[in-house]
Structure formats: C-alpha cells, structure tokens
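Here is the structure we will look at, set down as structure tokens.
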There are 4 protein chains.
Amino acid sequence: MNEISLKPLKTPTQERSWATYHAILEATTHILIEQGYKTLTTNHVADRAGVSIASLYQYFPNKESLVATLHTNHAKQTRNTINEILKKAKNSSTATMIDLFVDAMVKAHSDNPELHRVFQEEIPRLLKTAILKEGNDQFLETIALITQNTDLPSISAKDLAWTIRIMTHSIIHQGIIDRKDDLLSGKINRELKMMLHKLLL
Amino acid sequence: MNEISLKPLKTPTQERSWATYHAILEATTHILIEQGYKTLTTNHVADRAGVSIASLYQYFPNKESLVATLHTNHAKQTRNTINEILKKAKNSSTATMIDLFVDAMVKAHSDNPELHRVFQEEIPRLLKTAILKEGNDQFLETIALITQNTDLPSISAKDLAWTIRIMTHSIIHQGIIDRKDDLLSGKINRELKMMLHKLLL
Amino acid sequence: MNEISLKPLKTPTQERSWATYHAILEATTHILIEQGYKTLTTNHVADRAGVSIASLYQYFPNKESLVATLHTNHAKQTRNTINEILKKAKNSSTATMIDLFVDAMVKAHSDNPELHRVFQEEIPRLLKTAILKEGNDQFLETIALITQNTDLPSISAKDLAWTIRIMTHSIIHQGIIDRKDDLLSGKINRELKMMLHKLLL
Amino acid sequence: MNEISLKPLKTPTQERSWATYHAILEATTHILIEQGYKTLTTNHVADRAGVSIASLYQYFPNKESLVATLHTNHAKQTRNTINEILKKAKNSSTATMIDLFVDAMVKAHSDNPELHRVFQEEIPRLLKTAILKEGNDQFLETIALITQNTDLPSISAKDLAWTIRIMTHSIIHQGIIDRKDDLLSGKINRELKMMLHKLLL
DNA sequence: CATGAATGAGTTTTCATTCAT
DNA sequence: TATGAATGAAAACTCATTCAT
C-alpha cells in the first residue's frame, strides 16, 4: 500500500552537494524541533535550507525520506553510543552492567532530546517501523546479557528483556516530556538504576 | 496559538440526529483503526458515515474535535473501569491492591485495543494533552495508595507513582503492538503483577 | 440574471407571526450593525432571532430579501422624515428652505447612523438600486423647489438638483464615518447650510 | 481582528512569472468589472487567468490581497495623475488652481471608470481604509493650497478642505454611475469648476 | 405555523511534486 | 547541477436553502 522508497536518492559525492544535502537535513531538524511535524513541508524545508525545492528532490525522493533519513541517523547514533558503552561491560558484574546500561540509555537520549521527543510523539508510526526493527534484535541480545543471571518466576528471558527495554525507554522518553530537569540532573538515571537493581538482582 | 474548540458543537436531541452523530463517530473510529490518522479526512468520515460533509460540521466544529471526542469518551471509560475496580481495593493489602491495579489497567486497555493503539501511536500530541491532564492527578493519588508502604531509597513517593504509571502504561500499550496475544491471554498481566510485587513489596 | 424576488413572502397577520417577523428583522439589524454584511448568514439571523431557520424562510424568500426589507423600511422612514419637514417649507424663502432641507437631511440620517453606514458602505450595489430609484424622482422635485430661483450659469436645474443631492448626501454619509462628533453636535449641519447659501443664493 | 496580510507574496522576477502575475490581476479586474465583487472567487480568477489556483496562491496570500493590490495600484496611479497636474499650479491664482484641481480629479477618475465604480460601490469597506488613509493627508494639504485665501465664516480651513474633497469625489464617483456621458463630455467637469468658483472665490 | 435536521454545491486554501530553462 | 515557476489533487470548511415531522 505504501511502496514509496524512503532511501535518499543519491549520496552526494562532490563538496558543494554535501553542503546542500546537509543544509536540507539540518533545516528539517530545525523545523521538526521548533514547529513540529505538522508544519514540515518540503517547500518550507527548502526555503529554510536556502536551496530550491527542486534541489531537495535531487537528494530525497519524497517528504518521508527526509524524516526517515534523520530518524535512521539518529537511531544509528543512539545505537553506537549504547554499544560503545556496553562493550566495556562485557565481563562486569550484573550490577555494573545495569548501571552502565542505564547510563548508556540516558546518555543516548540526552543528545538531542527535542528531536527524540518529536520522533517519539509526532512522527507517524509507519515511518518508524522499518528502521526500528533492524536494531531491535541486537539490542535485545545486549539486554539479555544483563538478565541472564536473573531468576524471575513465570517470565521468559526474552520477555524480560522486552519488558526492560520498554520500561527503560518509556521512562526516559516520558521523562524528557514530564521531568526534563530530573533527567538532565541525573535523578531519573539514579531512580532507574535503583529499580532495575531491585528487579533483576 | 491553538485556540480551536475541540468540543462537539451540539449534542443531538432528536432521535434522527442522534443516529447521525453516532454514525459520524463510528465512521471516525473505523477509519482510524483501519487506515490511521493520516488518511482521516472529514470528507472521508462523512462519506463513510453516509451523511453529508455539512452534517458533520453541524455536530463537530473541526476535524480535531472528532478525534478529541473519541479520545475523551475513551479516556472517561478507561477511568471509570479503573476506578470501579479500585474502589474494592481500598482496604486490601498492598499485594492485593497491586493485583487489582494491574487487572484494572489491563482490562481498561483491552476494551478496544486497536483504537487505543491509534491514540497512543498516531494522534499528534497536542490533541491529547488537554484531556489527559484532567484525570492524571486523581490517577496518581490512586497509585500513591499502593506505594504508600513501599520504602525505596532515593525516590520520592510522587516520583515513584509517576514511574509506576509510565511503566504500566507503556508495557500495556506496547504490548498491544508487540505482544497482542500475550496481552489477551493474561500473560503480560501476570508478568506485570510479578514485577510490581518484586518492586514494591 | 438575478431574478430573485426581494419582497417578503407574506406579511404576517396574526399576532404571534408579527413577533417572529420583527424578531427576524431586528436580529438582521443587530448583526449588520455589530458585525457587518460579511457575517450576515441566515442561520445566524435565525439563531439570534430565537426562531428556527425554517421560520425565517416562511417570511422571507431568501437572504437578500432580509436586507432589502430593512433597506426599504429605512428609506421610507428617511423619506417621510424629510417630506414632513419640507411640507412646512412650501411657502418660505429660499434661504429658509435650504436650512429646513439641511435640517431634514441631517435629522433623517441621524436616526440610526450605524445602520445607515452599513447600507452606504457594505451592502452590494444590486440590492440597493431598485429601492433608491423609486424615491429619487420625488426627492429631486423637492430639491428643485429650492433651486428654482437660483441662476447658475451652465448648469441645468435638473443637474443642479442632482448635484445638491449628491453633495449633501455624501457629506452627511462620510461625516458619519469621519466626523461623527461634528455631525451630532450640529457643526456639519451649519457648514452645509452655509455652503448651500453661498452656492444657491 | 483582521491580521491578514494584504500584500502580494512575491514580486515576480522572471519573465514567465511576470506574465502569470499580470494575468491574475487582469482576470481579477475583468471579473470585478463584468460581474462584480460578489462573484469574484479565487478559482474563477485562476480559471480566467488561465493559470492553476495554486499559482494564484504563489503570488497572493489570499483573496483579499488580489483586490487590495488592484486598489493600491489604482490609488497610486490616481495620486500620481493628480500630483503631476497640481505641480504646475503651485504659483497660479486660486481660480486657476481650482480649475486645474478639478481637471486633475476628473482625469484621474476617467482612466478606468468601471473599475473605479466597483471600488467605490462594491468593495467592502475594511479592504479600503488602510490604503486610502495613506494618501489622504497629503491630498488634504494640496486642497488647503486652494482654500487658503477663502474666507468662509464658521468653517475651519481643515474642515473646508475635507468638505471639498468629499464633494468633488462623490460628484465624480456618482457621476460615473448616474451621468457617465456628462462626465466623459466634460460637462460635470465644468459644473464642478463653476460651483467651486462660486464657493471659494 | 413551527421546527430541527440535513444537504448540494460551493469556497478558500495547501502541498508534494514535476517541468522548462 | 541547480533553479523558480507551475500545478493536480485534495484538504477543511461554509451557507443558503429544503425537507420531514
């Protein structure tokens, strides 16, 4: 039903192109953060990027691909941040792994929380799934490392990992909205660690 | 900035108009569930309801009010379901209260899970806030009953209640999407209870 | 091209009807004065009159007839006021006749100046012509009484009367808009008399 | 209450767009003259101009701005015509100045009398005020040059200038409607001069 | 007489996308 | 490569008027 390609048309090779390409993505980011998805129009983006609308369509096949590109980049970066931190945790105790995991999650979401909020709240679901599915499995494996020693009755390891992911994600995301100060000050960070310790140890 | 009234224009008095009013809301529901918010247009709704577009605007001042009405009704019903169940819990043990709370939450979201999913995932945030704020405080007080005997270090009663709410909500909501069968079979229900027991007792 | 009848459908005979009929016209007047012709809709009028839209259409065949009726009434009343005053002037000197004429004109327009302004400025031309033509000739004859002794070179009596009418009308009408205080205080009245004396005597 | 911008969105730079821009304004003019403001719809204009409705909205932010642009242009042109003629009058006698003034006024309004008539009679007042206010003061100063030597009792110079303006304007405007031939033949022109001589000398 | 419900036929406006240069 | 002009297709919304009761 929705066979529109979300991939950028071409990755720019020349220098001038790169500038244009990034100006477009940056304009998209700014509009998303400042005015939300509702007001994101391709003409608006091109205007703000200082390029013509036709140039925009040289790099992006359609409006959705703009947001998808941004979202993919964002997800990749988030994943990298988390993986990097967790690499160090491979041989640590579960308690340490929990702490590192929470730190990684909060750090990853603290980067550009406004943009995160937009993706979480405003971007239509269909745009997200493809990208999210990809990193999901790997992510759940990472969490499984943490929960491998936990023995909770009547919940499989897989479901537990799922639950941890949802819990952590939702508390951080909603924290961005409801308790931004607590998130930045590290309070939510501490609360999360404490709760996971109680739950998993 | 967003001074648009979301309330229905007039509540129908005659029988004939009652039918129209509900046909419109039902059409809205169907389109939301089957095709999502993106394709929800007033003309589409009127068509599906079998009434003229002008009739739609006799009862609803704008497109948003359609969704807002649906959302308000849904939220009210959810709240009623929860309050009714919790009324019985007033003098129970914390353990029982947790179980009843989870039952209430899951039951409330099992009613029309597809519609719930749409509200959760597709409806732009601005449409929601107004309605949700209302029932929020009362809801947090209810949760406070449960957590009153819990002694978790470094988390205030208020923040704990907030966390419980977010956790429970998000697991149920995301469960509708990722683990629908587990939700309907009661599996998620049991997992939630178990986790809250471990966390709060 | 525009064969719509502007006449009221039926003049009400019963008492209750009269009340409805007048409520409708009064509502029309209020809306015209307070919000202008742009916002005058039949539904709005019916609402404000406290009657159903269908009742409105029992007395008036269409929207235009509402305004036309009001305009006709207003014009008749204006004409009556003027004629009454001028009746006394039949055998006076020209100077006295000028003064009485100006007094009559100003008085006629002072009655409901806001409504006058709306008719002058906002009502589409097509609605006016029919009514105005009628009273026009009689009015010009009256003016001719004043100018009969004037001897201005190169202007016929008829054209002079036309000029006097336009002049007087426009100064009063624009006075309502630009110099309302001067109109009500009698200043414009005095100026007009003075000018006509200089012109015609 | 009326914060709608009336200014054109962009002034065309390329040749092609210049043509479009003018086609739109010309279509507007034609419709106003032939069918009046009531039937002036943006779709109608776009159709007649032979461009798409979307193109219209590239140059004009809303329907009102179409008329406002036309009116502004017209007013500017009128003002230019008058100022040019009056420049020559600076050091003339009052009698000559009156004659030149009347000539200028009539000439300015003879240009496109049909359009003038539409502006005068059909365009809702709110659209006009902004534009007219601008040139008004300068215009009254010009008239003051003429009336400076006049000694009429009980009327200030300022009010006299106002009166002259209203009188002249209204006679010409109404002349377009009631006595078009007399206007074009110069008859009204002569009458006006004669009257102003009698009044001001 | 009176009514509230219902609507046909428009109206203004938007926007992702394509085209000519 | 880059652009500004142009547009098709549809969106939200309005209102004078008719109809069933």
Side-chain angles (χ1 to χ4, degrees), chain A residues 4 10 12-14 16-17 20 39-47 50-66, chain B residues 4 10 12-21 39-46 50-64 66, chain C residues 4 10 12-14 16-17 20 39-47 50-66, chain D residues 4 10 12-21 39-46 50-64 66:
Chain A
I4 299 169
K10 56 178 161 190
T13 50
Q14 293 186 9
R16 187 165 47 144
S17 304
T20 302
T39 69
L40 186 83
T41 72
T42 49
N43 287 288
H44 195 169
V45 168
D47 260 19
V51 303
S52 85
I53 178 65
S55 286
L56 187 154
Y57 277 90
Q58 291 239 322
Y59 295 103
F60 301 92
N62 48 52
K63 182 188 170 182
E64 279 72 32
S65 71
L66 280 175
Chain B
I4 299 169
K10 61 175 166 190
T13 54
Q14 293 188 10
E15 212 178 316
R16 186 166 47 137
S17 73
W18 211 83
T20 301
Y21 181 84
T39 68
L40 185 84
T41 74
T42 51
N43 289 291
H44 197 167
V45 169
V51 303
S52 83
I53 179 66
S55 285
L56 186 154
Y57 278 93
Q58 286 232 331
Y59 297 101
F60 301 92
N62 47 52
K63 181 187 167 181
E64 280 72 31
L66 280 175
Chain C
I4 299 170
K10 56 178 161 190
T13 51
Q14 294 188 9
R16 188 165 47 143
S17 302
T20 301
T39 69
L40 185 84
T41 72
T42 50
N43 287 289
H44 195 170
V45 169
D47 260 18
V51 304
S52 84
I53 179 66
S55 286
L56 187 153
Y57 277 90
Q58 291 241 321
Y59 296 102
F60 300 91
N62 49 51
K63 181 187 169 182
E64 279 71 33
S65 71
L66 280 174
Chain D
I4 299 169
K10 61 174 166 191
T13 52
Q14 293 188 10
E15 212 179 316
R16 185 167 48 139
S17 72
W18 213 82
T20 301
Y21 182 84
T39 68
L40 184 82
T41 73
T42 50
N43 287 292
H44 198 164
V45 169
V51 302
S52 83
I53 180 64
S55 284
L56 187 154
Y57 278 92
Q58 286 232 332
Y59 296 101
F60 301 92
N62 47 52
K63 182 186 166 181
E64 280 72 31
L66 280 175

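Chain A is the first sequence line, chain B the second, and so forth, proteins listed ahead of strands; every chain is numbered from 1. Values below: all heavy atoms of this structure, side chains included; hydrogens, waters and symmetry mates excluded.
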For the pair made of CZ in Phe60(D) and P in dT11(E), what is the distance, rounded to whole Å?
20 Å

Taking C-beta and beyond as the side chain, do Phe60(D) and Thr42(D) meet within less than 4.5 Å on heavy atoms?
no

Can you check whether Ser17(B) has a side-chain N or O nearer than 4.0 Å to OP1 or OP2 of dA6(E)?
no

Phosphate contact (dA6(F) OP1 or OP2) by Ser55(D) side-chain N/O below 4.0 Å:
no

I want to verify a distance call: between dC15(E), dA16(E), dT3(F), whose nearest atom is closest to the Thr42(A) side chain?
dA16(E)

Map Ala54(D) and His44(B) onto DNA chain F by nearest heavy atom, then report which one ends up closer to the 5' terminus.
Ala54(D)

Figure out the CG/P separation between Asp47(C) and dT3(E), and round it to whole Å.
12 Å

Measure from the side-chain heavy atoms of Thr41(A) and tell me the nearest of dA16(E), dT17(F), dG4(E).
dA16(E)

The reported gap from CG in Leu40(A) to CG in Leu66(A) (rounded to nearest 0.5 angstrom) is 6.5 Å

Closest listed nucleotide, where the reference is the side chain of Asn62(C) and the choices are dT17(F), dT17(E), dC19(E):
dT17(F)

With respect to the phosphate group of dA6(E), does any side-chain polar atom (N or O) of Tyr59(B) fall under 4.0 Å of OP1 or OP2?
yes

Please state how far atom CD in Glu64(D) lies from atom C1' in dT11(E), giving the value in whole angstrom units.
12 Å

Pairwise distance CD(Gln58(A)) to OG(Ser52(A)) - rounded to 0.5 angstrom
8.0 Å

The side chain of Ser52(A) is closest to which nucleotide in this list: dA9(F), dG4(E), dG4(F)?
dG4(F)

From CD of Gln58(C) over to P of dT18(F), roughly how many Å is that when rounded to an integer?
12 Å

Could you state the atom-to-atom distance from CG of Leu40(B) to P of dA10(F) in whole Å?
17 Å

Out of curiosity, Lys63(B) NZ to Leu56(B) CG, how far, rounded to the nearest 0.5 Å?
11.5 Å

Tell me which nucleotide, if any, is Watson-Crick or G-U wobble paired with dA20(E) when both distances must be under 3.5 Å.
dT3(F)

Kindly give the heavy-atom pair with the smallest separation between Thr20(D) and Tyr59(D), and that separation in Å.
CG2-CE1, 3.9 Å

With a non-hydrogen cut-off below 4.0 angstrom, is Ile53(D) in contact with a base, only sugar-phosphate, or nothing?
base

dT13(E), OP1 or OP2 - any side-chain N/O from Tyr57(D) closer than 4.0 Å?
yes

Check every strand shown and say whether Leu56(A) touches a base, only sugar-phosphate, or nothing at a heavy-atom separation below 4.0 Å.
nothing

Give the nucleotide from the list dT7(F), dA16(F), dC19(E) with an atom nearest to the side chain of Val51(D).
dT7(F)

Pair of N/O donor and acceptor under 3.5 Å linking dA16(E) base with Asn43(A) side chain
yes

